[in-house]
Colleague: 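Pasting a structure below so you can have a look.
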Amino acid sequence: MIHAPRGIKDRIPPEEDRFLALLSVAEEHLQKAGFKKVGLPIFELSALFTRSIGLETDIVEKEMYLFEDKGGERFALRPEGTASLLRLAIQHHLIEPARITRLSYQGPMFRHERPQAGRLRQFHQIGAEILGAITPQDNIDLLVVIDSISQKLNLPGTTLFINNMGCARCRPVFREALVEYLEAHQSGLCVTCQKRTATNPLRVLDCKVPDCQPIIEKAPSIIDFLCETSRIHHETVCSGLRNLSIPFTVNPRLVRGLDYYTETTFEFVSDALGSQSTWAAGGQYDGLIGQLEGPDVPGAGFAIGMERLSLLAEKAGTLPLPPDYSQDISIIPLGDLAVPLAQSLLRDLRSAGLSATGIFGATKIKQGFKQAERDGSRFLLIIGEDEIAKKELVVKDLLTSEQIPFPLFPLTSLIDHIRSVRDLKKVSPIS
RNA sequence: GUGAGUGUAGCUCAAGGGCAGAGCACUGGUCUGUGGCUCCAGGGGUUGGGGGUUCGAAACCCCUCACUCACCCCA
């Protein structure tokens with residue numbers, strides 16, 4: 001048997017409906033904050049990601065799904081949405097340097113990692129980006145949007161971590177100081193950290209190897225190196241959050257795993273998720289748009305991991321309800337004459353706004369009843385020779401066992417009857 | 001990429017070298033074109049796959065695949 005590829009989660013009923021319902025909760029919050037949706041391609045030229053995410057990151061180094069097409073061009077399944085969205089925004093001239101543009105996306109992302117709780121090879125993100133003349137307040141607004149989703153779903157055990165990674169002026173100064181410090185303590189660091197001292201020193205701050213911890217703890221802190229502008233940026237974000245009563249923790253060692261971040265970065269972490277605890281993250285990126293040959297303006301954005309959000313909402317018992325698939329009526333045709341009549345009835349009932357299923361394969365009446373129950377039908381219509389001869393439809397109410405005859409033409413009285421019963425059910429859903 | 005644990009019927013799980021089982025689900029009968037409940041019966045399995053040890057393997061050994069969790073990394 002051919003099975004799904006590793007790290008892929010099939011969503012079978014009613015999972016997919018719950019998933020889509022949760023997705024639209026998130027989409028509503030983004031829409032209310034003015035983010036317009038864009039449709040991003042599933043794959044891009046691989047150069048887009050190597051240039052934006054950074055060559056020394058794990059995502060680019062070992063997690064991308066790469067392939068060549070028949071023309072020999074090199075592509076990658078998108079491992080994240082920001083690069084792709086910026087490419088789209090630049091290509092279609094959606095960025096106006098003096099103004100701001102708000103865009104959002106949603107869809108599957110792909111990374112070749114070992115699957116784990118909350119980590120899949122195909123996973124779903126919803127994200128939003130603010131591009132152009134952005135301010136610290138726009139960073140706050142991003143956090144407000146995520147926080148509102150968190151509030152709405154009553155997500156358990158969530159902490160917001162904030163950091164400021166500095167800007168083009170102060171980050172290099174910090175980087176230099178950090179490298180100097182790390183080089184002085186090389187012998188105490190793990191092999192990866194020794195390598196990263198040269199390639200990507202900020203990532204050392206993220207290391208979890210116990211032996212590295214005492215060294216990392218005493219390492220210079222980015223917050224102390226912030227220039228005047230970045231310091232004000234940072235303080236503005238912090239005081240803004242305090243004004244809004246959004247609790248947060250400043251974590252100077254929060255270094256996002258993508259190289260493009262500057263200034264404010266953040267992570268929403270939950271202790272209810274297990275090892276993969278970050279369910280939303282993002283930050284500002286000053287140089288990225290220019291780096292991708294767009295206007296030299298900053299942007300800021302975030303992404304939410306839908307599977308992780310779903311796990312949390314499930315724990316909180318706040319997963320939105322899937323739609324009701326129960327049918328208003330099922331039709332069992334008996335005999336060849338009844339089949340075409342059943343088919344046209346189905347069409348007429350559906351166009352009248354009712355839900356209706358045909359049960360065509362039943363060789364015995366009892367099978368038909370069982371199928372109608374499985375379909376959740378309130379009414380059942382059995383059409384045989386008698387009914388056709390008398391031009392009469394006998395409708396059975398499966399709840400009350402009551403049987404009521406209706407004329408075949410016109411159908412209006414039957415439709416009205418079903419509607420009245422259905423609307424009654426909607427008014428008082430106790431059954 | 002590394003490590004640990006787990007793979008038995010559609011689902012949840014028993015059997016720990018000697019006949020592969022239960023509950024739920026499914027099918028049929030009880031009940032001829034009128035269901036749900038009851039009772040009765042039935043179909044279903046190369047025990048993830050391959051190899052080995054053994055008179056005999058679901059069980060023990062090796063390889064492999066998958067799942068789960070952790071490392072790592074990230075949403």
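Every chain is numbered from 1 and lettered A, B, ... according to where its sequence line falls, protein lines coming before strand lines. Values below: all heavy atoms of this structure, side chains included; hydrogens, waters and symmetry mates excluded.
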Colleague: Should Gln367(A) be listed as having a side-chain N or O under 4.0 Å from OP1 or OP2 of G35(B)?
Modeller: no
Colleague: Report which part of the nucleic acid Gly335(A) touches: base, sugar-phosphate, or nothing (heavy-atom distance under 4.0 Å, all strands).
Modeller: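 Result for Gly335(A) = nothing.
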Colleague: If you measure from the C1' atom in U54(B) to the same atom in G18(B), how many Å do you get, rounded?
Modeller: 12 Å
Colleague: Using the C1' atom as the point on both nucleotides, what is the distance between C19(B) and A58(B), in whole Å?
Modeller: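 It comes out at 14 Å once rounded to the nearest Å.
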Colleague: Under 4.0 Å, heavy atoms only, any strand: does Lys208(A) hit a base, just the sugar-phosphate, or nothing?
Modeller: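 Sugar-phosphate, backbone atoms only, no base.
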Colleague: With the side chain of Ser401(A) defined as its heavy atoms from C-beta on, choose the nearest nucleotide among U34(B), C73(B), G35(B).
Modeller: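 Looking only at heavy atoms from C-beta outward on Ser401(A), the closest nucleotide is G35(B).
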Colleague: Within the structure shown, what part of the strands sits under 4.0 Å from Arg256(A) by heavy-atom distance: base, sugar-phosphate, or nothing?
Modeller: sugar-phosphate
Colleague: Give the nucleotide from the list U34(B), A75(B), A70(B) with an atom nearest to the side chain of Leu258(A).
Modeller: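 The closest nucleotide is A75(B).
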Colleague: Taking all heavy atoms of Val297(A) and all of Ile289(A), pick out the closest pair and write down the distance.
Modeller: O-CD1, 3.4 Å
Colleague: Quick one: which of Glu307(A), Gln106(A), Arg308(A) gives a side chain to side chain donor-acceptor pair (under 3.5 Å) with His124(A)?
Modeller: Gln106(A)
Colleague: Quick one: label Gln371(A) by what it contacts on the DNA or RNA (base, sugar-phosphate, nothing), any heavy atom closer than 4.0 Å.
Modeller: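 Nothing, no heavy atom under 4.0 Å.
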Colleague: Within the structure shown, what part of the strands sits under 4.0 Å from Arg121(A) by heavy-atom distance: base, sugar-phosphate, or nothing?
Modeller: nothing
Colleague: If we take the P atom in both G10(B) and C26(B), what is their distance in whole Å?
Modeller: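 So the two P atoms sit 15 Å from each other.
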Colleague: Salt bridge check, Glu27(A) against Lys37(A): does any charged N sit closer than 4.0 Å to a carboxylate O?
Modeller: yes
Colleague: Students often get this wrong, so: under 4.0 angstrom with heavy atoms, is Ile304(A) touching a base, only sugar-phosphate, or nothing?
Modeller: nothing
Colleague: Using atom C1' in both nucleotides, what's the gap between C72(B) and G1(B) to the nearest angstrom?
Modeller: 9 Å
Colleague: At 4.0 Å (heavy atoms only), tell me whether His124(A) reaches a base, stays on the sugar-phosphate, or touches nothing.
Modeller: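 His124(A): no heavy atom of the nucleic acid under 4.0 Å.
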Colleague: Base, sugar-phosphate or nothing for Gly368(A)? Non-hydrogen atoms, less than 4.0 Å.
Modeller: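 If one applies the 4.0 Å heavy-atom cut-off, Gly368(A) turns out to touch nothing in the nucleic acid.
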Colleague: Ring-on-base stacking between Trp279(A) and A75(B), under 5.5 Å between centres and under 30° between planes: is it there?
Modeller: no
Colleague: With RNA chain B as reference, determine whether His112(A) or Glu80(A) sits nearer its 5' end, using the nearest nucleotide of each.
Modeller: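 On the 5' side of the pair lies His112(A).
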Colleague: With rounding to the nearest 0.5 angstrom, report the CD to CG distance, Glu44(A) to Leu88(A).
Modeller: 8.5 Å
Colleague: Measuring to OP1 and OP2 of A70(B), would you say a side-chain N or O of Gln116(A) lies under 4.0 angstrom away?
Modeller: yes
